[in-house]
Each structure stands twice: as structure tokens, then as C-alpha cells.
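Take a look at the structure set out below.
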Number of protein chains: 2
Amino acid sequence: MKRAHALSRRERQIMDILYRSGKATAAEVRDAMPDAPSYSAVRAMLRILEEKGHLRHEQDGPRYVFLPAEPRDQAKRSALRHLMETFFDGSVEQTVAALLDSETRNMKPSELDKLSRLIEEARKKGV
Amino acid sequence: MKRAHALSRRERQIMDILYRSGKATAAEVRDAMPDAPSYSAVRAMLRILEEKGHLRHEQDGPRYVFLPAEPRDQAKRSALRHLMETFFDGSVEQTVAALLDSETRNMKPSELDKLSRLIEEARKKGV
DNA sequence: GAGGGTGTGCTAAATTTTTAGCATGAAACG
DNA sequence: CGTTTCATGCTAAAAATTTAGCACACCCTC
């Protein structure tokens, strides 16, 4: 995620698949696509993304397994920041509010407890 | 944000500018681009995005002002969900934790208070 | 050994995206 | 009024992206 808008449609899709799964073979990447082209088209795109420096490959037995070049933590941070700036005026509070607002129904009390704890810890750190 | 990977590089960039600012003229969209092409190239892209149904225009005096076709709240929700699924295994808790982790230094106690309140409200709603 | 399945490297063509310029109209200015 | 500036609609070409097929290699089974 070197620059927010450096990737094309299919490139973005492939990178998201890799971020979600951590790593994947070309066949796995292809299986994760709702609108998958041919196997060789997927491989060609993976090669291009590697040339561009967005991902790398490792040998896994007879085949390659692909991983994002950028550490996941870093990519997370960038993605979060970009989302906040695009939709929430850069505000953590607004972002969290939207998260809680849209997902409340699915959260257990224990999860809410955890969040409270996280906030307490953040309070200590911030002082 | 009809489908997570429907937009190309420049299309994505333009939609993000519109979501960020709410609405913009072609000149304003262009000014917001770090790597802006010509004015007429920007207008051409805006026209294409409108044909595809992603945005609409209104007359504002002598010029058009462009707005996302999708309500901002809806787009927010979609974007949040997509981010959570891509980077946080779909977990609100993990997402919030990452937010707090990376932004703690910038948050005032009053903002943390507000978050605590939000969680309390979420707790009530969820029961 | 032959055939089938799976994998890679590479190439080029098809397709999509992006770009910019032209023609025209309206408004502002001297 | 003439000129300049700003705006739109439109077109086509340049550029980028995406696609798929070929040649080859390796492995397994019969």
C-alpha cells in the first residue's frame, strides 16, 4: 500500500486476497475471486505485482506461494488511516462510533468489556 | 462502492476525493490530485463515472458540481466492512484495538471519555 | 514410453482506462 | 464589439491493464 491509488482494479483485488489470507498460491488467489479469469491470467498478474514490488514469492514444494511485500501491520495502519481520512475527517472517534453503530447487534458483552479495557489502557498510555 | 473491486485506479481516486469532500467541481477534484492530468482528462473521467452510475452532477451556477451517487453513510459502512474483512478477520474488536493502538498518542482524555460513553451506549443497545 | 495433470516463464493480443484536444457556448472585461 | 476566460460535449488516440495460450519441465500412473 505504498501509495493509496497506485494499484489497478485487478491488482487491488489480488493484494486484498493476500492481505486477507496472509499468503496464497496462484490457484488459491484464483479461487478467491468471484470473477476469476484463467489460471495463467492470474499468474501473469501476480508476476506483474511482484515486478512492481508489491508482493514476493516463496517456493512451497512444487509451486510458488505469494505474500505481500509489506508487513501486514503496516498495511493495516495505512489502510485504516486512508479510510479515516476518506470517510471520517481523520477522526478516530467518528470511526469507532461508526463501527459500533453498524456492528452493535453482533457484539457480545465480553467483547464490549474488552473494548472498555482497551480504552483504559489507552488512557494510561496517553498520559 | 457497489462492488469492492469495480473501480480502476483513477476512478477509485476520484470517488475517494468526492467521499472526502462530499461534493466537488471538476477543478476541485483536479486540485485534490497529487498527480493530476489535464482538466479535460478529469472531466472525461467524471463523465465516465457518471455513466457507470457511481456519481451524479448538479448545476451550480455556470458549472457542474459532482456528488457520489451512493449516500455517504452507506459508503462508509461498506468501506468499513471491507477493511475489517481484509485486515481484521471481520472483527470489530480487532479493528478498534488497531485504531487505538496506532492513534493513542493523538487522543485527548476527553476523546477517550467519549469512546467509553459510546461503548456504554452500545452495551445498552445490544442487550 | 505415453498420456495426463500441474507448475513456470514468456509473449503478444485483446480489452479497458486514461488522456488531451477540438468545437462550441456563455460570461466577463476593456 | 472583440478578446479572453471558463465551462461543456464529444472524439479518438495513447497508454495501461488484463487476458490467455504456447513451450517446456516435472511428476505420477498405466
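Being a predicted model, the structure only gives us computed values, none of them experimental. Chain identifiers are assigned alphabetically (A, B, ...) following the order of the sequence lines, protein sequences preceding nucleic acid strands; residue numbering begins at 1 within each chain.
Residue A:Tyr39 is classed as a base contact, given a heavy-atom separation below 4.0 Å to a base. Within 4.0 Å of B:Arg47, counting heavy atoms only, lies at least one base atom of the nucleic acid. Among the atoms of the strands shown, base atoms are found under 4.0 Å from some heavy atom of B:Ser40.
Checking B:Ala44 against A:Ala44, the closest nucleotide of DNA chain D that is more toward the 5' end is the one next to B:Ala44.
In this structure, the nucleotide among D:dC10, D:dT19, D:dG21 sitting nearest to the side chain of A:Arg43 is D:dG21.
A nucleotide of DNA chain C counts as in contact with chain A when one of its atoms lies under 4.0 Å from a heavy atom; the first and last such, 5' to 3', are C:dG7 to C:dC10.
With rounding to whole Å, B:His5 atom NE2 is found 16 Å from D:dT18 atom C1'. Rounded to whole Å, the distance from CG on A:Leu46 to P on D:dT18 is 12 Å. Computed from coordinates, the A:Gln13 CD to D:dT18 C1' distance equals 12 Å when rounded to whole Å. Look at CE on B:Met45: it is 17 Å from P on D:dC10, rounded to the nearest Å. Whole-Å rounding puts the B:Ile48 CD1 to D:dA15 C1' distance at 14 Å. Distance CD1 (A:Ile14) to C1' (D:dT18): 10 Å, rounded to an integer number of Å. To the nearest angstrom, P of D:dT17 lies 12 Å from CD of A:Glu51.
Note on A:Arg10: every side-chain N or O is 4.0 Å or more away from OP1 and OP2 of D:dA16.
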Original post:
When every nucleotide of nucleotides 24-30 of chain D is labelled 5' to 3' by its protein contacts under 4.0 Å (heavy atoms), B for base, S for sugar-phosphate only, - for none, what sequence of letters results?
Top reply: -------
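Both B:Ile17 and A:Met84 belong to a single network of hydrophobic side chains, linked directly or stepwise wherever heavy atoms of I, L, V, M, F, W or Y lie under 4.5 Å apart. Taking hydrophobic clusters as Ile, Leu, Val, Met, Phe, Trp and Tyr residues chained together by side-chain heavy-atom distances below 4.5 Å, B:Leu67 does not share a cluster with A:Phe87. No single ILVMFWY cluster, assembled from side-chain heavy atoms under 4.5 Å apart, contains both A:Met45 and A:Val65.
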Original post:
Which is it for B:Arg123 and B:Glu120 under the salt bridge (charged side-chain N to carboxylate O under 4.0 Å, His left out) test, yes or no, and what are the steps along the way?
Top reply: CA-CA 5 Å; B:Arg123 213 186 290 265; B:Glu120 284 314 308; 3.4 Å; yes
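A donor-acceptor pair shorter than 3.5 Å cannot be found between the side chains of B:Asp35 and A:His5. Between the side chains of B:Arg10 and B:Gln13, at least one donor-acceptor pair of N or O atoms lies under 3.5 Å.
Residues in residues 84-97 of chain B take part in these salt bridge (Lys or Arg N to Asp or Glu O under 4.0 Å) pairs, two or more places apart or across chains: A:Lys114-B:Glu93.
Judged by distance alone, with hydrogens and angles left aside, the side-chain atoms of B:Arg56 form no donor-acceptor pair with the main-chain N or O of B:Glu50 at under 3.5 Å.
Using a cut-off of 4.0 Å between Lys/Arg side-chain N and Asp/Glu carboxylate O, A:Glu11 and A:Arg9 are scored as not salt-bridged.
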